[in-house]
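Inspection log for the structure reproduced underneath, given as structure tokens.
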Amino acid sequence: MRSYEILPGVRVTNDRCLMLDDGRTAVLGDLHLGYESALEEEGMYIPRMNTESIRDALNGILSEHEPERVVLLGDIKHDFKRSRREAAEEVRRIIRLLAEASDVIVIKGNHDNFLQNILSDMGLMAADYIDLGGFRMEHGHVDTGVRPVVIGHEHPSVRIPGAVSGGMKIHCFVHQREDGVIVLPPFSPFSAGNDLAPDGKCIMAPALAASRYSDADLYGVSEVGIIRLGKLKDVMDITV
């Protein structure tokens with residue numbers, strides 16, 4: 001299936017975004033634009049695929065869902081430092097693409113130093129958080145303590161053991177229903193996943209760490225659609 005309703009009017013999608021209000025609002029995070037430029041500064045050269053794949057994916061979301069607004073949930077930039085002109089223009093191109101079809105709301109992430117400098121000539125202001133549709137929406141590196149909350153930052157993934165092969169790693173949505181925490185997977189397909197485990201030692205986001213994360217429901221993003229993986233505490237019982 002392409003999407004799954006986890007709460008009334010709230011759907012996780014195989015497009016790596018959360019749809020609210022019957023699709024009127026699309027929420028996505030962790031684009032990490034300028035990823036290739038940052039690696040080049042460190043002497044590593046890879047094909048420039050991240051921004052192009054993100055642009056194609058965003059065009060697909062705008063075409064399929066026609067959201068009235070898009071919330072970017074932080075870490076729009078990859079580089080912590082002041083972006084070079086080329087990387088800054090990558091951010092502007094993506095923002096313009098979205099702004100031509102919808103209202104754009106930008107939340108600052110921990111990677112987004114100097115983001116406001118990039119947005120200043122576009123009439124946009126990056127906020128620390130917003131309240132929308134009954135949810136606090138923030139990047140997730142800082143927990144404001146308001147619930148229910150939608151965050152990114154964690155880059156959640158799970159590694160499913162394989163009976164014969166080495167298994168597989170899947171980016172996923174995390175939903176701790178009782179504690180009111182929803183965590184989005186990174187929108188950038190090149191972002192490394194942070195493998196979650198019931199012992200919580202690897203969890204980065206304070207809101208998720210403060211929840212009963214082992215009882216959280218996981219929804220994997222795959223080429224065949226959304227996969228209901230069950231609860232985090234049971235995921236090690238799954239084999240592929």
Side-chain angles (χ1 to χ4, degrees), residues 15-18 25-59 61-62 67-132 135-144 146 149-155 183-192 194 204-207:
D15 299 307
R16 297 173 178 263
C17 71
L18 191 74
T25 301
V27 187
L28 51 99
D30 295 286
L31 276 69
H32 289 275
L33 297 170
Y35 175 72
E36 299 95 330
S37 296
L39 290 181
E40 285 177 6
E41 289 190 4
E42 299 175 5
M44 300 172 61
Y45 295 87
I46 63 173
R48 292 183 173 272
M49 299 170 60
N50 187 55
T51 301
E52 296 304 313
S53 65
I54 286 174
R55 184 184 63 184
D56 291 344
L58 290 174
N59 272 322
I61 289 171
L62 295 174
E68 296 175 5
R69 67 186 66 84
V70 175
V71 180
L72 299 179
L73 213 56
D75 280 6
I76 291 92
K77 293 167 64 263
H78 179 72
D79 200 337
F80 290 93
K81 304 187 297 294
R82 187 185 299 273
S83 297
R84 295 189 301 177
R85 179 177 298 179
E86 183 180 3
E89 188 54 34
E90 286 185 27
V91 175
R92 293 191 182 98
R93 283 199 299 268
I94 292 298
I95 297 293
R96 291 189 193 106
L97 168 68
L98 295 172
E100 288 175 358
S102 63
D103 295 329
V104 181
I105 299 171
V106 180
I107 306 297
K108 288 185 291 188
N110 56 302
H111 279 247
D112 291 327
N113 300 326
F114 307 106
L115 176 64
Q116 192 56 53
N117 294 351
I118 298 174
L119 300 179
S120 59
D121 62 348
M122 304 184 72
L124 290 174
M125 180 69 69
D128 291 325
Y129 61 83
I130 62 161
D131 295 313
L132 182 66
F135 293 92
R136 169 63 53 93
M137 297 188 184
E138 56 198 32
H139 177 60
H141 62 302
V142 175
D143 181 11
T144 61
V146 177
V149 65
V150 179
I151 63 173
H153 182 61
E154 186 70 44
H155 294 205
V183 189
L184 275 59
F187 195 74
S188 168
F190 296 98
S191 294
N194 179 35
M204 300 186 301

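All residue numbers in this chain count up from 1 along the given sequence. Since the structure is predicted, the reported quantities are computational estimates derived from the model, not experimental observations.
- A 4.5 Å side-chain heavy-atom check between Glu138 and Asp143 finds at least one atom pair inside the cut-off.
- Interatomic distance, OG1 of Thr51 versus CG of Asp56, reported as 11.0 Å (0.5 Å rounding).
- With sequence neighbours excluded, the residues forming a side chain to side chain contact (heavy atoms under 4.5 Å, CB included) with Asp128 are Lys108, listed by chain and number.
- Here the shortest heavy-atom pairing between Gly140 and Pro206 reads O-CD, 3.1 Å.
- Closest approach of Gly152 to Leu73, counting heavy atoms only: N-CD2, 3.7 Å.
- A distance of 9.0 Å separates CG of Leu98 from CG of Asn59, quoted to the nearest 0.5 Å.
- Side-chain contact check for Ile105 versus Met137: every heavy-atom pair is 4.5 Å or farther apart.
- The structure places CG of Leu33 at 10.0 Å from CZ of Phe187, a figure rounded to the nearest 0.5 Å.
- His155 places no side-chain N or O within donor-acceptor distance of the main-chain N or O of Asn194, the cut-off being under 3.5 Å.
- Under a 4.0 Å N-O distance rule, the pair Arg96/Glu89 qualifies as a salt bridge.
- No option in Val27, Thr25, Val150 other than Thr25 meets the side chain to side chain contact (heavy atoms under 4.5 Å, CB included) test with Leu132.
- In this structure, Gln116 contributes its side chain and Leu124 its backbone to a donor-acceptor pair below 3.5 Å.
- Remark: His139 engages His141, His153 in a ring pair (Phe, Tyr, Trp, His ring centres under 6.0 Å) (not counting sequence neighbours).
- Under the 4.5 Å side-chain criterion, counting only non-hydrogen atoms from C-beta, Met122 is not in contact with Val104.
- Two residues are said to be in side-chain contact when any heavy atoms from C-beta on lie closer than 4.5 Å; Ser188 and Asp30 fail this criterion.
- Rounding to the nearest 0.5 Å places CZ of Arg16 at 11.0 Å from CG of Leu31.
- Closest of all the heavy-atom pairs between Ser102 and Val70 is OG-CG2, 3.4 Å.
- Side-chain atoms of Asp112 come within 3.5 Å of backbone N or O of Ile76 as a donor-acceptor pair.
- Closest approach of Leu184 to Gly29, counting heavy atoms only: CD2-N, 4.3 Å.
- Distance check, rounded to the nearest 0.5 Å: OG1 of Thr144 to CZ of Arg136 gives 4.0 Å.
- Taking 4.5 Å as the limit, some side-chain heavy atom of Pro67 sits within range of a side-chain heavy atom of Leu62.
- Crowding of Met204 atom CE: a count of heavy atoms from other residues, nucleotides or ligands under 6.0 Å exceeding 12.
- To the nearest 0.5 Å, atoms CD1 (Ile107) and CD1 (Ile151) are separated by 13.0 Å.
- The shortest side-chain heavy-atom distance between Leu28 and Leu72 falls under the 4.5 Å cut-off.
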